[in-house]
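The first residue of the sequence shown is numbered 1, and numbering continues consecutively from there. In each ligand, atom 1 is the first atom listed, and ligand 1 is the first ligand listed. No experiment lies behind these values; they were computed from the predicted model shown. Quick note: numbers below take in every heavy atom, side chains included, and nothing from hydrogens, waters or symmetry partners.
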Amino acid sequence: MPTLEQEINRRRTFAIISHPDAGKTTLTEKLLLYGGAIQQAGFVKGKKNSKHAVSDWMEIEKQRGISVTSSVLQFEYNGYCINILDTPGHQDFSEDTYRTLMAADSAVMVIDGSRGIEPQTRKLFKVCAMRHIPIFTFINKMDREAKNPFDLMEELETEFGIGTYPVNWPIGSGDRFKGVYDRDAKHILAFDNSGRGRSIAEKIEVGVDDTDGLYNVIGEELANQLIEDIELLDGASYEFDIDQVHNGQLSPVFFGSALTNFGVEPFLQNFLNMTPTPLARKAGEDTIDPMDSEFSAFVFKIQANMNKAHRDRLAFMRICSGKFDKEMNVYHVQRNKTMKLSQPQQMMAQERGVIDEAYAGDIIGVFDPGIFSIGDTVCSPKMKVKFDNIPTFAPEHFALVIQKDTLKRKQFVKGVTQIAQEGAIQIYTEPASGVEKVYVGVVGVLQFEVLEHRLKSEYNVEIIRNTLPYEEVRWIQNENIDPKSLKLSIDSKLVQDFKGNYLILFNSIWTVRNVQERNPGLILSEVNINN
Ligand code: G4P
């Protein structure tokens, strides 16, 4: 029987972040293949299926649990127990995507080698950087014409302010892609795509100091280029430092091609060696060690489960310490109640099963009759900790929402408030105006449709939605100013969220700067940590 410590030490929990189409789904699928968790490609919900993204969410109505499938996947590989957290992209992009990163211990950033850093990666990176979690970079699609690898490194370093450490280095790209050179092991992993779609990766022991050997393997031109590149890298780039990797200051970089399954396994092996075991978590003044024998967890995501009759939901929890046992009593800190978690479940690749036990690092989904909120702590009754709040992130799309039938005011207010509590949308009102006008902010536009659909089906309320021209929102962080006395511009508006915090809506980033200039000392934030 493995000990608690052994079980926790073999866990690796990470998220894969990318801009849509960079290859996140393909890479995830290949990782699952290595874990033997799936037998063939095509299982992970691909782009083809999510093309009906509007209905993607509504599909949940019909197939309860499909979204759970894509929320977290657990599989075994070489003695490791791996949890991959999905960060929905495409039209599903929402605040949940950000919050998922709160439950991860590291992130793998997939970048399309021909495109470099793209907007969604930028947004997700910011959240990872805020937590200082390790970030690994997989530069994908090297079988296609890619940007110069040095330019890609520079992009990462200047845009993200992190160092890069290429673990391997590409030899050509596109039609001339010959593979990668492993800098430490000093061998070439040769790319041969004659197998069509499934590349054959042959390991050839040849270092950059063996010029003739290299000429034989990759030809004179590419060999000379590689020798020059490696010399430059060894001389001028960052040195490998695992502490810096763990602080999120240095990103190990790997080149490959997920589609042809090239470079994925060496990536996985190196990644598992470098990425940390489950991290300790802050709970006020305390830091909770994952090895603590008492169980503790926090809720990072709530998924409406669409059973209209019951309004039941699934609450996703990240276990922070100890071991969870389905028969155990747990203490729900925010409600001051001791209870059993009902129907705890976990994803084992395709299968969603009720689980008997889980360990620090794992994610479990539990049935939620409407008692949990994002950020709640559950723990062993002996423990009584309260984990720090999960921040709220700035939405980017805004609308004014009014109910069609004024007699349904009560249902309307209840509906928007409950949906806001789940964290799918943010709602704001004008100060001292009650809930006459409700401003809704969302991270991804799909959430507007979700809101409309849910208000109608669950609360029987129809709404009129007017899109607003705001693009930015900031929380006011100053404690001792009267927000109503601020000098705003005509294209900005002061509002309050449902917890009473003051925010300002802005038409553009320029308006943010303008208002800041008009009000020296005003502290604005894109993230609200205090809630
Ligand atoms: P995402 O989850 O990040 O959105 O990306 P996804 O894996 O769905 O990949 C987006 C497209 O890029 C897919 O093509 C996929 O096959 C392709 N792709 C992924 N990795 C590589 C790679 O290493 N090399 C090349 N050449 N292509 C890659 P699609 O035609 O849009 O979809 P599909 O028909 O293949 O499903």
Side-chain angles (χ1 to χ4, degrees), residues 14-34 37-38 40-53 56 66-67 69-73 84-94 96-97 100-101 104 107-125 128 135-147 149 152 168-180 189-201 253-268 444 446:
F14 64 97
I16 305 190
I17 63 175
S18 75
H19 189 80
D21 274 354
K24 179 172 65 102
T25 313
T26 313
L27 181 66
T28 308
E29 195 162 88
K30 295 291 149 61
L31 294 176
L32 291 177
L33 279 170
Y34 282 110
I38 52 168
Q40 64 198 40
F43 151 67
V44 181
K45 188 184 68 163
K47 212 177 77 205
K48 290 246 163 64
N49 308 334
S50 58
K51 279 217 170 99
H52 353 253
D56 219 34
I66 185 147
S67 58
T69 314
S70 59
S71 290
V72 55
L73 294 159
I84 304 186
L85 289 155
D86 186 38
T87 53
H90 299 280
Q91 294 93 323
D92 286 342
F93 194 56
S94 71
D96 262 353
T97 314
T100 297
L101 296 176
V108 173
M109 176 161 73
V110 183
I111 286 178
D112 180 333
S114 68
R115 307 178 75 100
I117 300 170
E118 296 178 86
Q120 202 153 299
T121 318
R122 216 169 263 131
K123 289 179 200 163
L124 293 165
F125 174 86
C128 298
I135 297 173
F136 296 81
T137 308
F138 186 84
I139 301 197
N140 193 27
K141 304 200 186 180
M142 293 308 294
D143 57 310
R144 293 235 182 108
E145 221 43 63
K147 286 187 173 180
L152 287 164
N168 60 30
W169 193 252
I171 305 164
S173 72
D175 290 344
R176 278 163 39 101
F177 184 50
K178 291 281 182 256
V180 291
L189 200 59
F191 176 74
D192 172 359
N193 201 25
S194 51
R196 286 190 156 206
R198 234 174 190 256
S199 65
I200 306 150
V253 180
F254 303 80
F255 291 83
S257 160
L259 184 65
T260 58
N261 205 2
F262 180 81
V264 177
E265 196 167 25
F267 161 73
L268 179 61
L446 178 67

Any side-chain heavy atom of R122 within less than 4.5 Å of one from I117?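 Yes; the side chains approach each other to less than 4.5 Å.
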How about N261 and Y34: do any of their side-chain heavy atoms sit closer than 4.5 Å?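 When only atoms from C-beta onward are counted, Y34 and N261 do touch, with a gap below 4.5 Å.
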Using a 4.0 Å heavy-atom cut-off, say whether [X] meets ligand 1 through its side chain, its backbone, both or neither.
X: S18; value: side chain
X: D143; value: side chain
X: K141; value: both

When only distance counts, is [X] in polar contact with ligand 1, meaning an N/O pair under 3.5 Å?
X: M142; answer: no
X: T26; answer: yes
X: P20; answer: no
X: G256; answer: no

Minimum heavy-atom separation for [X] and [Y], please, with both atom names.
X: I17; Y: C128; result: CD1-SG, 4.1 Å
X: D21; Y: D112; result: O-OD2, 4.5 Å
X: N140; Y: G23; result: ND2-CA, 3.7 Å

Can you sort out which atoms of ligand 1 are near [X], meaning under 4.0 Å from one of its heavy atoms?
X: S257; result: 22 (C), 23 (O), 24 (N)
X: T25; result: 1 (P), 2 (O), 7 (O), 8 (O)
X: K24; result: 1 (P), 2 (O), 3 (O), 5 (O), 7 (O)

Flag, side chain of S257 to backbone of M142, donor-acceptor distance under 3.5 Å: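 Checked: no pair found.
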Out of D21, L27, D112, who is nearest to atom 10 (C) of ligand 1 when you count heavy atoms only?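 Looking at heavy atoms only, the winner is D21.
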Under the side chain to side chain contact (heavy atoms under 4.5 Å, CB included) rule, what do I16 and L31 come out as? Steps first, then yes or no, please. CA-CA 11 Å; I16 305 190; L31 294 176; 4.1 Å; yes
Below 6.0 angstrom between ring centroids: does that apply to F136 and F14?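 Here the rings of F14 and F136 have centres that are no less than 6.0 Å from each other.
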